[in-house]
S.K.: 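Here's a structure for you.
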Amino acid sequence: GHLACPTYEDLASDMGGTITEAELAGCAEEALTPYIDDLQMFSSTNVAHDLDWFIEQTRGDGPVFLLGFSNGTFLAHRYLQLRPDGVDGVVMDGACPPGLCPSWHVARNVSETLMHVMDLCGEDPFCASKLGADPAATVAALFDKLAVGHCAEVVDAGFSVGFLKDNWRQWLSEPTDWAILAALAYRFDRCSPADQTALLNYLEAAYDPWFAPSTPSPDRSGVLNRLVWVSEGEWEDDSNGAVDEEAELAEAYVLPFPLSWPQIAEAFPSYDVDPALHGTWAETDVPMLWLNGMVDYRTPIEHAREAASHFQ
């Protein structure tokens with residue numbers, strides 16, 4: 001078995017095995033209350049300690065390389081904070097450096113990635129003929145129009161602004177889907193009767209399966225994943241009040257996660273972390289490769305550039 005909330009992950013619940021915002025608090029209470037005194041061991045720092053133990057137990061005669069992907073890059077970095085010379089090399093794929101991954105910052109990153117993709121559209125003659133010389137500006141204006149009733153027939157049928165913000169994240173994650181972003185923006189902006197029909201057909205064909213209840217995974221715990229995710233406040237707003245996180249998320253063109261850090265953090269416990277680890281960079285000479293790019297999903301090239309300023 002694993003840490004779970006059967007009531008809220010049951011197929012008969014709202015979205016089956018997918019925990020919705022409305023179910024989050026109840027799920028956390030059901031799953032965590034029986035173990036509340038023992039949960040502090042499930043933290044990012046302790047995951048890094050577990051990783052260190054595993055590496056030492058399996059270390060052979062050859063070099064050891066550590067690969068971190070997505071949130072795993074945060075854990076790999078925490079490992080380097082604890083064991084700065086524990087491996088021979090580290091690869092960070094989609095890196096989440098200290099201080100650059102609160103929800104509002106990631107929302108800003110993803111929105112900027114969308115606009116960069118639209119800039120690429122502007123460099124393509126055919127794409128620019130549909131969305132104009134400045135497709136990014138067209139998309140920005142489209143969100144404003146949708147918010148005040150533009151293309152209401154399609155919006156009311158399920159293609160709401162919130163739905164678009166959440167699902168454009170998925171399209172951005174696959175370069176093969178970028179053409180869909182431009183085509184949808186064009187049809188939404190024009191919103192002729194033929195466009196409305198096309199958009200509704202697309203919604204039915206592409207997303208009806210998404211709304212079907214999903215079966216919870218038997219080999220992973222979404223509850224445990226969220227617990228570790230927020231266990232030490234790594235994703236919290238660290239701007240000291242300089243940024244209105246809710247306003248940033250409301251103004252974003254793309255939402256970075258189905259559930260934001262504040263929503264999860266309100267339902268799940270967090271624990272104190274050594275100040276020497278929180279928000280600081282590892283001090284290490286281990287060779288590192290940071291895989292971030294101009295249109296990286298969630299983690300733009302600026303993250304790698306920031307890391308380069310801290311490591312030789």
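Numbering starts at 1 and runs along the sequence shown.
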S.K.: I'd like to know if Y79 and L67 are part of one continuous hydrophobic network [Ile/Leu/Val/Met/Phe/Trp/Tyr, side-chain heavy atoms within less than 4.5 Å].
M.R.: no

S.K.: At their closest point, which heavy atom of V223 faces which heavy atom of A4, and how far apart are they?
M.R.: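 Residues V223 and A4, closest heavy atoms: CG2-CA, 4.1 Å.
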
S.K.: I'd like to check V90 versus L289 (side-chain heavy atoms, cut-off strictly below 4.5 Å). Are they in contact?
M.R.: no

S.K.: Once you round to the nearest 0.5 Å, how far does CG of D85 lie from CD of E283?
M.R.: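 CD of E283 is found 12.5 Å from CG of D85.
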
S.K.: Between D88 and F65, is there a donor-acceptor pair closer than 3.5 Å when you use the side chain of the first and the backbone of the second?
M.R.: no

S.K.: As an exercise, state the distance from CG of L203 to CG of L199, rounded to the nearest 0.5 Å.
M.R.: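 If I round to the nearest 0.5 Å, the distance is 8.5 Å.
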
S.K.: Given the rule in the side chain to side chain contact (heavy atoms under 4.5 Å, CB included) test, do I55 and L51 qualify, once you have shown the distances and angles that lead to the verdict?
M.R.: CA-CA 6 Å; I55 289 173; L51 177 60; 4.1 Å; yes

S.K.: Using every non-hydrogen atom in the two residues, find where H77 and A282 come nearest and quote the distance to one decimal.
M.R.: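 Here H77 and A282 meet closest at NE2-N, 3.0 Å.
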
S.K.: Roughly how far apart are F126 CZ and C121 SG, rounded to 0.5 Å?
M.R.: 9.5 Å

S.K.: Could you tell me whether D189 and K130 make a salt bridge, using a distance below 4.0 angstrom between a side-chain N and a carboxylate O?
M.R.: no

S.K.: Are H150 and L142 side-chain neighbours, meaning at least one heavy-atom pair lies under 4.5 Å?
M.R.: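 Sidechains of L142 and H150: in contact.
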
S.K.: Mark yes or no for whether T73, through its side chain, and D93, through its backbone, hold a donor-acceptor pair below 3.5 Å.
M.R.: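 Not at all, since once roles are kept as given, no pair shorter than 3.5 Å links the two residues.
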
S.K.: Hey, can you tell me if F159 and F188 have their rings parallel, tilted or perpendicular (30° and 60° cut-offs)?
M.R.: perpendicular

S.K.: How long is the gap from CZ on R78 to CG on D52, to the nearest 0.5 Å?
M.R.: 14.0 Å

S.K.: For the atom pair SG (C151) and NZ (K145), what is the distance rounded to the nearest 0.5 Å?
M.R.: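 One finds 9.0 Å between SG of C151 and NZ of K145.
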
S.K.: Does I180 belong to the same Ile/Leu/Val/Met/Phe/Trp/Tyr cluster as V139, with side-chain heavy atoms less than 4.5 Å apart forming each link?
M.R.: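 Yes.
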
S.K.: Please check this pair: side chain of Q81 against backbone of L277, looking for a donor-acceptor N/O pair closer than 3.5 Å.
M.R.: yes

S.K.: Is there a side chain to side chain contact (heavy atoms under 4.5 Å, CB included) between F69 and V91? Walk through the geometry before answering.
M.R.: CA-CA 8 Å; F69 174 75; V91 178; over 6 Å; no

S.K.: Write down the atom of L66, the atom of A76, and the distance for their closest heavy-atom approach.
M.R.: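 Closest approach of L66 to A76: CD2-CB, 3.9 Å.
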
S.K.: Could you check M288 against L80 for side chain to side chain contact (heavy atoms under 4.5 Å, CB included), going step by step and ending with a plain yes or no?
M.R.: CA-CA 11 Å; M288 283 183 270; L80 287 175; 3.9 Å; yes

S.K.: Identify the heavy atoms of Q196 and C191 that sit nearest to each other, and give their distance.
M.R.: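 Nearest pair, atom of Q196 first, then C191: NE2-O, 3.3 Å.
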
S.K.: Taking the side chain as everything from C-beta on, heavy atoms only, tell me whether S44 gets closer than 4.5 Å to L75.
M.R.: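 Sidechains of L75 and S44: in contact.
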
S.K.: Evaluate the side-chain proximity of D274 to T45: yes if any heavy-atom separation is below 4.5 Å, no if none is.
M.R.: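 T45 does not reach D274 side chain to side chain.
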
S.K.: Between E306 and H310, do the side chains contain a donor N or O and an acceptor N or O under 3.5 Å apart?
M.R.: yes

S.K.: Do D119 and P135 come close enough that some side-chain heavy atom pair is under 4.5 Å?
M.R.: no

S.K.: Indicate yes or no: at least one non-hydrogen side-chain atom of H49 is less than 4.5 angstrom from one of L82.
M.R.: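 Yes, side chains in contact.
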
S.K.: Tell me which donor-acceptor pairs under 3.5 Å the side chains of residues 25-41 have, and how far apart each pair is, sequence neighbours excluded?
M.R.:
from	atom 1	to	atom 2	distance (Å)
E30	OE1	T7	N	3.1
E30	OE2	T7	OG1	2.5
T33	OG1	E29	O	2.6

S.K.: Following the transitive rule for hydrophobic clusters with a side-chain heavy-atom cut-off under 4.5 Å over Ile, Leu, Val, Met, Phe, Trp and Tyr, establish whether W281 and V87 coincide in one cluster.
M.R.: yes

S.K.: Which atom pair, heavy atoms only, marks the closest approach of V161 to A147?
M.R.: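 Taking every non-hydrogen atom into account, CG2-N, 4.2 Å.
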
S.K.: What's the shortest heavy-atom distance between V286 and T284, and which atoms?
M.R.: N-OG1, 3.0 Å

S.K.: In Å and rounded to the nearest 0.5 Å, what is the OH to CG distance from Y186 to D195?
M.R.: 7.0 Å

S.K.: Could you check whether any side-chain N or O of D50 sits under 3.5 Å from a backbone N or O of V47, counting only pairs where one atom can act as donor and the other as acceptor?
M.R.: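 Checking the backbone N and O of V47 against the side chain of D50, no donor-acceptor pair under 3.5 Å is found.
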
S.K.: Taking L291 as the starting point, is it possible to reach F74 by hopping between hydrophobic residues whose side chains are less than 4.5 Å apart?
M.R.: no

S.K.: For the pair S160 (side chain) and D156 (backbone), establish whether a donor and an acceptor sit closer than 3.5 Å, ignoring hydrogens and angles.
M.R.: no

S.K.: Can F311 and D285 be said to form a side chain to side chain contact (heavy atoms under 4.5 Å, CB included), step by step?
M.R.: CA-CA 8 Å; F311 301 110; D285 295 323; over 6 Å; no

